[in-house]
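These notes are about the structure you will find just below.
Worth knowing before you read on, the calculation uses all heavy atoms, side chains too, and leaves out hydrogens, waters and symmetry mates.
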Amino acid sequence: MAVRPSPSFATLLKRHRIAAGLTQEDLAERAGVSVRTVSDLERGFTTRPYRDTVRRLGEALGLPALDRVRFEGAGRGVVEMGMSPHLHRERSATNLTEDLASFVGREREVSMVGKLLASAGVRLVTLVGTGGTGKTRLALRVGRALLPEYRDGVFLVSLASLPSPELVVPSIAAVLGIKEARGGDLEDAVATYLFSRQLLLILDNFEHLLGAACVVKHLLEAAGDLRVLVTSRTPLHVYGEHEFLVSPLAVPDLHDLPDVDHLLRFGALALFVDRARAVRADFALTEDNAASVAAICARVDGLPLAIELAASRLRVLSPEALLSRLSSRLSILKGGTSDAPERQQTMQAALDWSYRLLGRDAQTLLAQLSVFSGSFGLEGVEAVCDPSDDPARDVVDRLTVLVEHCLLVCREGVGGEPRFSMLETIREYAAERLRASMDDCRIAQRHTDYCIRLLERMSPEEDHSGDDGPQRFSRLDQERDNLRAALRRLLDAGEGRRALHAATLLGPYWTAVSSYQEGQHWLEEAIVAASDAPPRERARALSWASWLATLRGATDEGHALGAEGLRHFRLAQSRDIPMGLVMSAIQQGDLKHMREFLEHDLEECRSLGDDDGVAACLHWLGEIALYEGCFHQAIARSQASLARARAQDAHGLLTRTLDTCARAFLLTGDLENAIPLWEEGLRLAVQRGDKRPIAYYLEGFAAIEARQGNAVKSARLFGAAASLREKIDSPLSALESDILQQMIEPIWKQNSPDAFQKAIEEGRSMTWHAAVDYALVPFGPPLSFMDGKG
């Protein structure tokens, strides 16, 4: 079922007009604007209305205070209260980094591609060529050159490590900073984001993801000012595509060599000399070595990757010695198939030659490293790859050799740890060597086992929210490609139980990084594959799938998955209901069904003396009562849960229940009891570094100030809470929004939204710890000692 995005301003205007029982003429007359203005706004013909026009329309519609702020925010394109269906971070104009190596031999192509992209009617250009021709580097150079021409920037999306076309959209969204949330299809969200932007999108290494070519077509159709530059070994075959063949660099005729100065005009030789100087600063093209250098470039067909690998050997070889060795390898190792293009065979020869220059242990390591996907760390290498036969030469020595031979790239990862990666062409070559060694199955199994162990160690429990939570998620994030590869391998090998275990462990991670669609995809595939799994294992996986579906707005899917999860919990005779399953059912509005289930479970827990289960059931029953408007019952249930949570030192449960109880007290008008609960909860949440409850505690203090008539402070705290929700991607659900509106409605009814809009924006600019200190005055000492932990 397709998920509809949250309404645009045009949709909101029409919806509120119809709800008010007004025609366009009626609304125009009330607001003092023309009928044409109302018509154009509702049809989306006018996308940036005047602020005064939006204000007049809001007043004429007689909207409630909160609805009016959302209405006016939508008219200005402002994201309010963390309720936007798709939030995006502010970004610089590009994610392209400066090239550390000089750009040689492609100046003409840069100019040609730039002119092609600037031509009328040309919006999709695909750089087509075989591996190693320098398509990526050319695309990046074009992007840097064209950066001033694109108002909203140039962005690179690297696709080489993606295993399936379904992951193209999430990857584009991640680069653009678009976060998936309830109520919207991610592809539509990306199209909406690009609609009014003048932007160049570079999609690198598309050849194995051609099933996603329709995504490119959809984005181009939706966004008229979008230009797309693709690198691929084959065309996308999309209407409007303009192919640009990236040929090997020019080489001279070996039988008619020009003089040295003219030789440097050939791109292949210019590149070779430039890269040779990087390893030998005194290298120069001379009459003595010119013929050998030209022959080297010709023997590798002018392929940039092969040229760079060859030039790196000048650390130890002269051009003449290099040519001799390269000639021997080409004559012996023509590993390509007979029907493959000659330059593909030459690349194989160049890589084979580079491989044979390595020592045996470095060769073995290079082959084994091909099992990794994306980047990998030292820990992974030591766990997956065989240790050296010589204990004095550890894996760091061999990695250093591979980096020096330009077969690996080393960058700094999370916590300053080194992260290694290799070009995809080299990875493919290394994988062939691993298969030839007949060791590929064993190394692949070790890689899978390592990924499972990493998940078991790094994946937080459902209620984990300690200070190291963000660090753990960052570690998992940089291993994302390896985790995907391990999941895919398990599913393809028929190891459904292990795949289900891994996918379930990833539930908190997918929730934290807002990868709802991908997480649900893996979980559902694993659930199908693990048909023989015990009911409890399937139930936990179903609970995460239900929660992820709910978060992305697929409520029907979430409800169906949740119902199946509950059925399996009953089959397992389990009382330990995962938070994800309960939360998804509640947020879907399935209050009656979940209340009945929890009441039954509560009695079972009491009969068995399960105090933990009793405390959890009481909390959820209290939250349901809050949403049902039974505030006194919510207080009774929550206080009973609080007593047990304090006795058990269950901080996670305590943090949630304090807020539920405080909200119920406030909605009965009892501020005296609400304030100390929110203060206790806020201090506990700050101590644990748990930002989700901090957001709703700030909303609680905003409600306190509203009830006490402090409109400006209330608005500032409200804005700070909204900003924090956006940063952690925890938007308000419909139920939460209704409760919040009831909490702050009195003050909003007494003031025009314009009266404290400035205060809301001031609150949005606060850091979360500054907002916490501001909230606690005058209720208790500030927590400024926590500064720096946000």
- Query: Listed by chain and number, what are the side-chain contact (heavy atoms from CB on, under 4.5 Å) partners of His501, not counting sequence neighbours?
  - Reply: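 Result, side-chain contact (heavy atoms from CB on, under 4.5 Å) vs His501: Ile452, Glu456, Leu505.
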- Message: My understanding is that only residues two or more places apart in sequence, or in another chain, count here; which of them pass side-chain contact (heavy atoms from CB on, under 4.5 Å) with Ala616?
- Response: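 Once residues adjacent in sequence are excluded, Ala616 has no partner under the side-chain contact (heavy atoms from CB on, under 4.5 Å) criterion.
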Can you check whether [Y]'s main-chain N or O pairs, donor with acceptor, with [X]'s side chain at less than 3.5 Å?
X	Y	result
Ser546	Leu542	no
Tyr697	Thr655	yes
Asp204	Thr231	no
Arg637	Gly622	no
Ser641	Ser638	no
Arg453	Thr448	no
Thr660	Arg656	yes

- Show the numbers, then the answer: is there a side chain to side chain contact (heavy atoms under 4.5 Å, CB included) between Glu623 and Arg663? CA-CA 10 Å; Glu623 188 162 315; Arg663 291 182 184 232; over 6 Å; no
Taking NZ, NE, NH1 and NH2 as the nitrogens, is one of them in [X] or [Y] under 4.0 Å from a carboxylate oxygen of the other?
X	Y	result
Lys592	Glu596	yes
Glu432	Arg427	no
Arg489	Asp492	no

- Task: May I ask you to check whether His600 and Glu604 show a side-chain donor-acceptor distance below 3.5 Å?
- Result: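 Per modelled atom types, His600 and Glu604 side chains form a pair under 3.5 Å.
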- Determine which pairs satisfy salt bridge (charged side-chain N to carboxylate O under 4.0 Å, His left out) with at least one residue from residues 493-511, sequence neighbours left out, and list them in order.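 Qualifying pairs, neighbours excluded: Asp449-Arg498, Glu495-Arg498, Arg497-Glu537.
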When rounded to the nearest 0.5 angstrom, what is the spacing between [atom1] in [X] and [atom2] in [Y]?
X	Y	atom1	atom2	answer
Asp611	Leu618	CG	CG	10.5 Å
Leu500	Leu490	CG	CG	11.0 Å
Tyr450	Cys385	OH	SG	11.0 Å
Met422	Leu369	CE	CG	4.5 Å
Leu626	Ile739	CG	CD1	4.0 Å
Asn205	Arg233	CG	CZ	7.5 Å

Any side-chain heavy-atom pair from [X] and [Y] closer than 4.5 angstrom?
X	Y	answer
His521	Tyr516	no
Arg480	Glu518	yes
Arg606	Glu603	yes
Pro170	Leu186	yes
Tyr509	Met458	no
Gln368	Arg433	no
Gln520	Trp544	no
Trp510	Leu523	yes

Residue pair [X] / [Y]: nearest heavy atoms and the distance that separates them:
X	Y	result
Leu194	Ala223	O-CB, 3.2 Å
Gln633	Ala625	OE1-CB, 3.6 Å
Ala502	Leu455	O-CD1, 3.6 Å
Ile527	Ala541	CG1-CB, 3.9 Å
Phe420	Leu378	CE1-N, 4.5 Å
Ala695	Ala721	O-CB, 3.5 Å

- Message: Going by side chain to side chain contact (heavy atoms under 4.5 Å, CB included), Ile172 matches just one of Val175, Leu176, Val169. Which one?
- Response: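 When side chain to side chain contact (heavy atoms under 4.5 Å, CB included) is applied between Ile172 and each of Val175, Leu176, Val169, only Leu176 qualifies.
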- Message: Asp612: which residues meet the salt bridge (charged side-chain N to carboxylate O under 4.0 Å, His left out) condition with it, sequence neighbours left out?
- Response: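 Asp612 satisfies salt bridge (charged side-chain N to carboxylate O under 4.0 Å, His left out) with no residue once adjacent residues are dropped.
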- Residues that Asp440 engages under salt bridge (charged side-chain N to carboxylate O under 4.0 Å, His left out), provided they are two or more places apart: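 For Asp440, no residue satisfies salt bridge (charged side-chain N to carboxylate O under 4.0 Å, His left out) once neighbours in sequence are set aside.
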Qualifying residues under side chain to side chain donor-acceptor pair (under 3.5 Å), relative to [X], sequence neighbours excluded:
X	value
Arg538	His568
Thr657	His619
Glu417	none
Ser421	none

Give the table of side-chain donor-acceptor pairs shorter than 3.5 Å for residues 214-221, with sequence neighbours excluded, one pair per line with atom names and distance.
from, atom 1, to, atom 2, distance (Å)
Lys217, NZ, Glu221, OE2, 2.6
His218, ND1, Glu187, OE2, 2.6

Please report, to 0.1 Å, the donor-acceptor pairs under 3.5 Å made by any side chain of residues 155-164, with sequence neighbours excluded.
from, atom 1, to, atom 2, distance (Å)
Ser161, OG, Asp481, OD1, 3.3
Ser161, OG, Asp481, OD2, 2.8
Ser164, OG, Glu166, OE1, 3.2

- Message: Would Trp522 and Leu491 count as a side chain to side chain contact (heavy atoms under 4.5 Å, CB included) here? Give the steps.
- Response: CA-CA 10 Å; Trp522 284 116; Leu491 289 165; 3.8 Å; yes
- For Phe372, what residues pass the ring pair (Phe, Tyr, Trp, His ring centres under 6.0 Å) criterion, not counting sequence neighbours?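 Applying ring pair (Phe, Tyr, Trp, His ring centres under 6.0 Å) to Phe372 gives Phe376, His447.
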